[in-house]
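Each remark here refers to the structure printed beneath this line.
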Number of protein chains: 2
Amino acid sequence: MTGIRRLAQHLDISIGTVSRALNGRPDVNEETRKRVLEAAAELGYVPNQSGRSLRQGTTNIIGFMMQTGAEITGQGDTFFMSVFDGVQTVFARHRLDLVALLCSSQEDPDDYLRRVVARGFADGLILSATQRHDPRLEFLAKRKIPFATLGRSLTDVGQPWLDLDFEGMAQTAIDRLVAKGHRRIAVTRPHDDVNLGYIFVDQAASALAAHGLSLDPDLVFRSTPNEAGGYQIARELLSKKDRPTAILLVNESIAIGFYRGLSEAGLKPGRDIAVIGRHSPQTHFLSPSLTGFELSRRDLGIALAEALLATMPAFSHFYPNAELRKIWREELIEGESDAFLLPPA
Amino acid sequence: MTGIRRLAQHLDISIGTVSRALNGRPDVNEETRKRVLEAAAELGYVPNQSGRSLRQGTTNIIGFMMQTGAEITGQGDTFFMSVFDGVQTVFARHRLDLVALLCSSQEDPDDYLRRVVARGFADGLILSATQRHDPRLEFLAKRKIPFATLGRSLTDVGQPWLDLDFEGMAQTAIDRLVAKGHRRIAVTRPHDDVNLGYIFVDQAASALAAHGLSLDPDLVFRSTPNEAGGYQIARELLSKKDRPTAILLVNESIAIGFYRGLSEAGLKPGRDIAVIGRHSPQTHFLSPSLTGFELSRRDLGIALAEALLATMPAFSHFYPNAELRKIWREELIEGESDAFLLPPA
DNA sequence: CATAGTACCGTAAACGTTTACGGTTGTCGA
DNA sequence: TCGACAACCGTAAACGTTTACGGTACTATG
């Protein structure tokens, strides 16, 4: 005699009643429910998830898909970890099991997702590193799997998403640099088709245009979103004939490599070139200090989780007015890296 | 009609045979097996994991437990991610589902683990951040859950573990610094009871003793294993009356904060103080370049996964001679940060 | 007092697998 | 021809839940 049956026998009531009592169904005497709960605690009874899953067709698991591997390491990590932490706290409230699904860089994200779904692994998913055109979204929509994304996509299937205000960042940064006299401004973007790259570069271009300037295609640097990418950008930039006087770094970790690249050439941010980037726990320790954008990733994670739950029938009533789509403004932390004032031409 | 039953009906054979065919049982005609496999592919049949789990009492999931959250972020991340990548490739071979279980800093790791186990979540576990005395190990051993740890512990319950050669690192680094004339050498250790801290400090002490020197307790700095911790160490160190001339950093990320702390005081590693640390993707971009230890984390992950599988009855025959306990040597990458030569006293 | 309604509970089917057991067929040697 | 054996396959029970359905006892209402 095991599981719920044992509990029922011990209490001398039927397993149906025990199940109802534990699941908070209304049609059970409060007195009985109390007895059941006590006995469950006493006997250390924990419902078998396989049994529940089989019967209900749900797994109680929410998966947070991230990428990992050589190309990404340094990026994937710190940012998503912090967001994850926020997500975690929300799902814990509902006794949902949140796990991280790390797609190795060796594997195609689409294939990976297909496997996860075919396996019926999770009741809901959170996707990150949203591509400009992202087949994963259509795939999930077709399968009617609840999901939310961290990042917008042109592939819009009506899912909830949260994103950072890349437009705002580009605009603010460009305005700021132009105000300081810069005319030749470089920007970076990820090496792949992550949507934020497009958004960022487009907005930078139009912000420049508003000042009567244009974005030199030669000054758009592509790189992996990690330190190595930043280093490589610095090397490329330094090899240019007509060197820019300022640069906008879209990813966080690249600032670290970029600094290093400059320093090897005897250059210093804020003296020889103006740098505006984005902050992570690491970048706060750069020297000279980085001027960059920052926000609470944990809060972002919380909002992301709530947005997802709001679209899941079983939980939606908990979040009647969750924001399903929101762009999070980042705050500019002023540092020394853009102190550079262009000498009058 | 769904699932295996549908497949059986389509083939006009019994579900038992279908199951046996799919699971590679010997007592099924190879011809039949071929037909089943083809039909399964054609109809896109994927066995329902809940059904299997319920029947077999296994979940097909392996969990990799890591810590996350404010205190850790910066550390947890890059190191474990890379290891995870290696682990992933091994488990994928066996069609096991590997997930990351991220224990938030807000939660007690013991409690978290208890929940995971009570829930019957995984068939096997990998634990990281092993404490000097780690109740989690005894807990898992009692429950007879297969697991392996990344890091030794005094709590030895016979589980497989892999670890880094902290003794070797301490020894090599001390010898090297002493040879350069240093007498007053500081070391760091994590703020909590992670075992590696004890190992590292003990070995550093005995390495110093071999040179007729002793480790000043006042020069053992505790900190969180992230950039902020390194920064704090720098501040503390600089406030000392009798400042050390060299320091050994046990964690990777702290070098970044430490550099920053020095730089704010106008000091430079390799000129004003000798620094030996450990390398991560980030630290390669420090300037002056860091002298530190490095190894392939991915390979470590592969070995870790194989060690775990070797102790799981269902998989052990795949890894008849896996190394169940191994200490991985790290390689010293020479940089400029310990170029500092002590002037003759 | 009869009836309707309510509050609570028990029964049993169903979810999709795996696997022990036994049955059928065919082969081969005595 | 018969028995033993092998090779293959079908049957049905079991894993631990949830939940639709129906039943009982009690209360309220006319």
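Here is the naming used below: chain letters follow the sequence lines, and residue numbers restart at 1 for every chain. These numbers come from a predicted model, not from an experiment.
If you measure from atom CZ of A/R33 to atom P of C/dA7, you get 14 Å, rounded to the nearest angstrom. In this structure, the CG atom of B/L11 is 17 Å from the P atom of D/dC8, given to the nearest Å. Spacing between atom CD of B/E30 and atom P of D/dC9 amounts to 10 Å, rounded to whole angstrom units.
Within 6.0 Å of CZ on B/R114 lie more than 12 heavy atoms contributed by other residues, nucleotides or ligands.
At a threshold of 4.0 angstrom between heavy atoms, the contacts of A/T32 are confined to the sugar-phosphate backbone, with no base atom among them.
Under 3.5 Å, the side chains of B/S104 and A/D85 contain a donor-acceptor pair of N or O atoms.
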(message) Can you build the contact string for nucleotides 16-21 of chain C? Use B for base contact, S for sugar-phosphate-only contact, and - for no protein heavy atom under 4.0 Å.
(response) BBBBB-
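Ring-plane geometry between B/F64 and B/F80 is classed as perpendicular, the angle between the planes exceeding 60 degrees on a 0 to 90 degree scale with a lower cut at 30.
For B/Y319 and B/H94, the ring centers are positioned less than 6.0 Å apart.
Between B/F147 and B/R136 there is no side-chain heavy-atom pair separated by less than 4.5 Å.
Side-chain atoms of A/D163 come within 3.5 Å of backbone N or O of A/R152 as a donor-acceptor pair.
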